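The next block holds one structure in the form of structure tokens; read it before the comments.
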Amino acid sequence: MRPQTKLFSGLQMALFRPTCLTTPSPAQSLSRCFSTTSPALDWLTPKFMEKSKSPKGRPHVATGGSSRGTTVVWGDYGLRMKDHDRRLPAKSLKIAEETIKRRLRGMDYTLYKRVSANLGVYTKGNEQRMGKGKGKFDYWTAKVPVSRIVFELKGKLHEKVAREAFRLAGHKLPGMWEFVQKGDPPVVGVTKLGNGVTLESLKRPRRSPALGTENLDTPPKSTSSSPSAPQ
């Protein structure tokens with residue numbers, strides 16, 4: 001009768017052992033089976049889910065003369081919303097980002113994202129009765145006001161190349177978009193500052209004062225023109 005041979009013994013068994021459990025040699029550094037570093041944050045998905053379902057709402061549009069987020073900060077070129085404030089789904093933002101990277105493939109550049117899709121949208125099925133909550137989670141979206149910059153580019157790029165990349169990305173996003181550069185004047189609402197238009201001139205009342213009240217320290221207040229009630 002032939003003696004039984006061990007198929008997995010000695011050197012053969014060592015081939016099936018995980019490298020992280022073997023005794024490290026002086027020339028080989030210790031490696032772990034898992035990583036203790038936290039995953040990178042995604043600008044299209046928040047780190048934590050919402051504790052309470054957020055309402056739809058409308059994007060906040062500054063009406064007090066604020067021009068925050070309307071100029072290029074980190075890059076040389078930017079893509080700015082032009083027509084109207086709206087919500088941009090995370091899927092559309094991802095497609096626009098991939099479009100820019102596909103056009104600039106092989107070039108030396110850095111892409112900056114100025115918005116974050118951190119607002120949840122909840123939907124309900126068709127032909128359901130009213131009430132019973134807002135429904136189940138559907139997708140993430142970002143509230144983008146008018147004249148807000150979404151993408152910025154910086155690197156060894158020609159202006160025509162960056163303009164073409166942003167043109168293709170604008171076709172993937174809802175609404176109208178415009179190409180801006182570093183140093184362009186800010187925008188207040190939909191009015192661009194510059195060429196004689198300043199923030200003080202926008203805050204100045206458009207209606208001229210009444211005749212004879214130009215030199216008064218405290219001009220009289222306007223009275224209502226509604227007819228008086230009958231006695």
Side-chain angles (χ1 to χ4, degrees), residues 43-44 57-90 92-97 99-101 103-104 107-119 141-211 213-219 221-222:
W43 68 292
L44 298 173
R58 293 291 298 272
H60 174 71
V61 179
T63 58
S66 175
S67 59
R68 182 179 180 181
T70 61
T71 57
V72 179
V73 179
W74 300 299
D76 300 327
Y77 311 102
L79 182 65
R80 183 166 60 190
M81 180 175 285
K82 185 178 180 180
D83 59 342
H84 196 272
D85 53 280
R86 56 174 48 85
R87 296 185 305 172
L88 299 181
S92 300
L93 294 172
K94 181 62 176 178
I95 294 176
E97 180 189 11
T99 303
I100 296 175
K101 292 182 178 180
R103 177 60 182 85
L104 304 179
M107 300 183 183
D108 185 11
Y109 69 95
T110 303
L111 181 63
Y112 298 96
K113 279 82 69 173
R114 296 285 300 271
V115 297
S116 177
N118 56 359
L119 181 69
T141 184
K143 287 184 178 180
V144 181
V146 64
S147 302
R148 177 62 59 89
I149 290 182
V150 178
F151 294 108
E152 290 187 13
L153 272 176
K154 182 179 181 180
K156 300 178 181 179
L157 299 174
H158 195 273
E159 178 185 349
K160 293 184 178 180
V161 178
R163 189 182 295 270
E164 177 68 14
F166 281 150
R167 185 188 67 84
L168 296 175
H171 291 326
K172 306 298 182 181
L173 296 172
M176 299 177 61
W177 302 82
E178 63 178 348
F179 177 81
V180 293
Q181 302 182 23
K182 185 81 170 182
D184 286 356
V187 181
V188 177
V190 293
T191 305
K192 297 181 180 180
L193 301 182
N195 296 330
V197 180
T198 60
L199 185 60
E200 289 75 13
S201 64
L202 293 178
K203 293 183 178 181
R204 192 180 304 125
R206 299 183 180 180
R207 180 177 298 179
S208 59
L211 295 176
T213 60
E214 295 85 355
N215 299 327
L216 296 180
D217 297 335
T218 56
K221 297 182 180 179
S222 60

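None of the values given here were measured: they were computed from a predicted structure. We use all heavy atoms of the structure for the numbers below, so side chains are in, but hydrogens, waters and symmetry mates are not.
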Considering all heavy atoms, the nearest Ser147-Gly189 contact: OG-O, 2.8 Å
Inter-residue atom distance Leu173.CG - Leu93.CG, 0.5 Å rounding: 6.0 Å
Check: Ser67 side chain, Val188 main-chain N or O, donor-acceptor pair, under 3.5 Å: no
Residues that Lys82 engages under side chain to side chain donor-acceptor pair (under 3.5 Å), provided they are two or more places apart: none
Results of side chain to side chain donor-acceptor pair (under 3.5 Å) for Thr198 - residues two or more places apart only: Ser201
Within residues 165-178 or reaching into it, pairs that qualify as salt bridge (charged side-chain N to carboxylate O under 4.0 Å, His left out) - sequence neighbours excluded: Arg80-Glu178, Glu164-Arg167, Glu178-Lys192
Atom pair CD1/CG of Ile149 and Leu79 - distance to nearest 0.5 Å: 8.5 Å
Thr70 side chain to Arg148 backbone, donor-acceptor under 3.5 Å: no
Gap between atom OG1 of Thr110 and atom CG of Asp76 - 0.5 Å precision: 10.0 Å
Validation row: Pro186, Thr71 side chains within 4.5 angstrom (heavy atoms): yes
Side-chain heavy atoms of Ile100 within contact of Phe166, under 4.5 Å: yes
Where at least one partner belongs to residues 58-71, residue pairs that pass salt bridge (charged side-chain N to carboxylate O under 4.0 Å, His left out), sequence neighbours excluded: Arg58-Asp85
Euclidean distance, Glu97 CD relative to Leu44 CG, rounded to 0.5 Å: 6.5 Å
Nearest non-hydrogen partners of Leu88 and Pro174, listed with the distance: CD2-CG, 3.6 Å
With a cut-off of 3.5 Å and sequence neighbours excluded, list every side-chain donor-acceptor pair involving residues 150-161.
from	atom 1	to	atom 2	distance (Å)
Glu152	OE1	Trp74	N	2.9
Glu152	OE1	Gly75	N	2.9
Glu152	OE2	Val73	N	3.1
Glu152	OE2	Arg114	NH1	2.3
His158	ND1	Lys160	N	3.1
Glu159	OE2	Arg163	NH2	2.7
Glu159	OE2	Gln181	NE2	2.7

Separation of Ser66 OG from His60 NE2 (nearest 0.5 Å): 7.5 Å
Contacts of type side chain to side chain donor-acceptor pair (under 3.5 Å), residue Arg87, not counting sequence neighbours: none
